[in-house]
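Before we start, here is the structure in question, set down as structure tokens.
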Amino acid sequence: MNLLNIPAEEYMHPGHVGCPGCGAAIAMKFALKAMGDKTMVVIPACCWGVLAGPYPQTSLKIPILQAAFATAGATASGLRAALDMRGDTETTVMAWAGDGGTFDIGIQALSGAVERNEDFIYVCYDNEAYMNTGVQRSSATPFGSRTTTTPGQGWKKSRKKNMVEILAAHRIPYAATASIAFPEDMIGKFDKAKKIKGGTRFIHVFASCPTGWGIPSEMSVKIARLAVQTNIFPLYEVEGGTDYTLNYQGDRPAKEYLKIQGRFKHLTDRDFRQIQAMVDEDWALLQRRIDS
Ligand SMILES: Cc1ncc(C[n+]2csc(CCOP(=O)(O)OP(=O)(O)O)c2C)c(N)n1
Ligand code: SF4
Ligand SMILES: [Mg+2]
């Protein structure tokens, strides 16, 4: 442990092929500090499929099962069943998918597995677009963002899907949000999820992407922190589908987060006000769930 109460053990090798400042790489580094070496990770097609690398040059010190894009939920279910058949109750299965692989193409396999309350941890590292194939929009892309599928002067005009609410509606034991800019909170949530046995645990990790967001690599963590401080990405937990706990109260204006990113550079003051109203509305809805 160091001053921040973060375990010293590393389960990632020093080198990987991600871009400098990749939030998804930071996310895995922190997650594995809680998960430890008795973990098998299932990775569908996404940037992390490339970061993990081909055997024997993998960037992780734990076993990796690469899966087809849509199948993280189903593959993790099968891997859990295979381990159970071998009598291995010690190993935790962790699915690790991007937002495209979770919010979009993987939602059917995930919902099926979650409805069966399969015994694994499902992590969505959310960089808010299909980054591995060149920054196409997903249903996790926020309102106001430019992507390569919003051509010309266009930008995304619909809101980000609320995936934690969808998972909570399945009444799973544990669903939570986490951020690479809050490592103690994040590692604590993985530790908690690991200790809950016999059901699906879902963690939605905000993972900034310098390449796709048009931000300097050294701003990656600062921008992830601002997402929480502006209540754009609140940190909270949902136990049993209904019991909400808020972990952080932000108080900064959304504009502070938006104005420093290339993907939002076309936005006007009117757009900033519209986005602020959306953030305030979502925050009020979350407060109602916490208070009830
Ligand atoms: C069925 C199928 N369609 C498309 C692809 C191409 N593909 C590979 S990764 C990817 C994007 C993944 O996006 P996301 O899940 O958000 O992860 P990220 O790359 O952003 O980390 C796509 C479209 C594929 N591998 N399989
Ligand atoms: S494109 Fe984004 S998510 Fe993918 S490796 Fe680069 S920084 Fe990471
Ligand atoms: Mg993505």
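Hydrogens, waters and symmetry mates are skipped; everything else that's a heavy atom, side chains included, is used. Both counts, for ligands and for their atoms, begin at 1 and track the order of listing.
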Does P210 reach ligand 2, in the sense of a heavy atom lying below 4.0 Å from it?
yes

Checking a contact table here: which protein heavy atom is nearest atom 8 (C) of ligand 1, and how many Å away?
A45 CB, 3.7 Å

At the Mg ion (ligand 3), what angle lies between atom OD1 of N127 and atom O of A129, rounded to 10 degrees?
90°

Metal check, atom 8 (Fe) of ligand 2 vs C22 N/O/S, cut-off below 2.8 Å
yes

Heavy-atom proximity to atom 3 (N) of ligand 1, picking from F69, W48, F103, points to F69

Look at the N, O or S atoms of E128, main chain and side chain alike, and state whether any lies under 2.8 Å from the Mg ion (ligand 3).
no

Quick one: nearest non-hydrogen protein atom to atom 19 (O) of ligand 1, plus distance?
N132 N, 2.8 Å

For a side chain to side chain donor-acceptor pair (under 3.5 Å) check, start with the C-alpha distance between R225 and S179, then their side-chain angles and the critical distance, and finish with the verdict.
CA-CA 8 Å; R225 188 176 303 116; S179 166; over 6 Å; no

Please report which non-hydrogen protein atom sits nearest to atom 18 (P) of ligand 1, along with the residue it belongs to and the distance in Å to one decimal place.
C47 N, 3.6 Å

Among all protein heavy atoms in this structure, tell me which lies nearest to atom 17 (O) of ligand 1, with the distance rounded to 0.1 Å.
C46 CB, 3.3 Å

Would you mind checking which non-hydrogen protein atom is closest to atom 11 (C) of ligand 1, with the distance to 0.1 Å?
Y130 CD2, 3.3 Å

Check ligand 1 against G101 and write out every atom of the ligand that is under 4.0 Å from a heavy-atom position of the residue.
15 (O)

Ligand-residue contact atoms, ligand 2 with N127, heavy atoms, under 4.0 Å
3 (S)

Tell me yes or no: between the side chains of D99 and T102, is some donor less than 3.5 Å from an acceptor?
no

Short question: side chain of K61, backbone of D37 - any donor-acceptor pair under 3.5 Å?
no

List every atom of ligand 1 that sits less than 4.0 Å from any heavy atom of Y125, numbering the atoms from 1 in the order shown and giving each element.
17 (O), 18 (P), 21 (O)

Name, closest N/O/S atom of D99 to the Mg ion (ligand 3):
OD1

What atoms of ligand 1 come within less than 4.0 Å of a heavy atom belonging to T133?
6 (C), 7 (N), 8 (C), 10 (C), 11 (C), 22 (C), 23 (C)

Considering only heavy atoms of C19, which atoms of ligand 2 have at least one such atom less than 4.0 Å away?
1 (S), 5 (S), 6 (Fe), 7 (S)

Quick check: F206 with W213 (ring centres under 6.0 Å apart)?
yes

Say whether A129, considering both its backbone and side-chain N or O atoms, lies within less than 3.5 Å of an N or O atom on ligand 1.
yes

Aromatic ring proximity F202/Y174, centre distance under 6.0 Å
no

R146 to W155 six-membered ring, cation-pi geometry met (6.0 Å, 45°):
no

Would you mind running through ligand 2 and noting each atom that sits below 4.0 Å from a heavy atom of L51?
5 (S)

Would you kindly say whether T133 and Q136 are connected by a side-chain donor-acceptor distance under 3.5 Å?
yes

In terms of side-chain heavy atoms, does T141 have a donor or acceptor partner in T147 at a distance below 3.5 Å?
no

Taking 4.0 angstrom as the limit and counting only heavy atoms of N127, give me the atoms of ligand 1 inside it, by number and element.
18 (P), 20 (O), 21 (O)

Is atom 6 (Fe) of ligand 2 less than 2.8 Å from an N/O/S atom of C209, whether that atom is in the backbone or a side chain?
no

re atom 14 (P) of ligand 1, the protein heavy-atom contact at minimum distance is G100 N, 3.4 Å

With a 3.5 Å distance limit and no angle check, can you tell me whether H170 reaches the backbone of A113 through a side-chain donor-acceptor pair?
no

If we count only N and O atoms by modelled type, under 3.5 Å, do the side chains of N231 and Y248 hold a donor and an acceptor together?
no

Among C47, G18, G98, closest by heavy atom to atom 4 (Fe) of ligand 2 is C47

Say whether, by atom type as modelled, one donor and one acceptor occur between the side chain of N127 and the main chain of A207 under 3.5 angstrom.
no

Pair F103 and H204, ring centroids less than 6.0 Å apart:
yes

Considering only heavy atoms, does N132 approach ligand 2 within less than 4.0 Å through its side chain, its backbone, both, or neither?
neither

Taking P234's backbone N and O only, do any of them form a donor-acceptor pair with T177's side chain (distance below 3.5 Å, no angle check)?
yes

Do Q229 and D251 get their side chains close enough for a donor-acceptor pair, meaning under 3.5 Å?
no

May I ask you to identify the nearest protein heavy atom to atom 1 (C) of ligand 1, giving residue, atom name and distance to one decimal place in Å?
I105 CD1, 4.0 Å

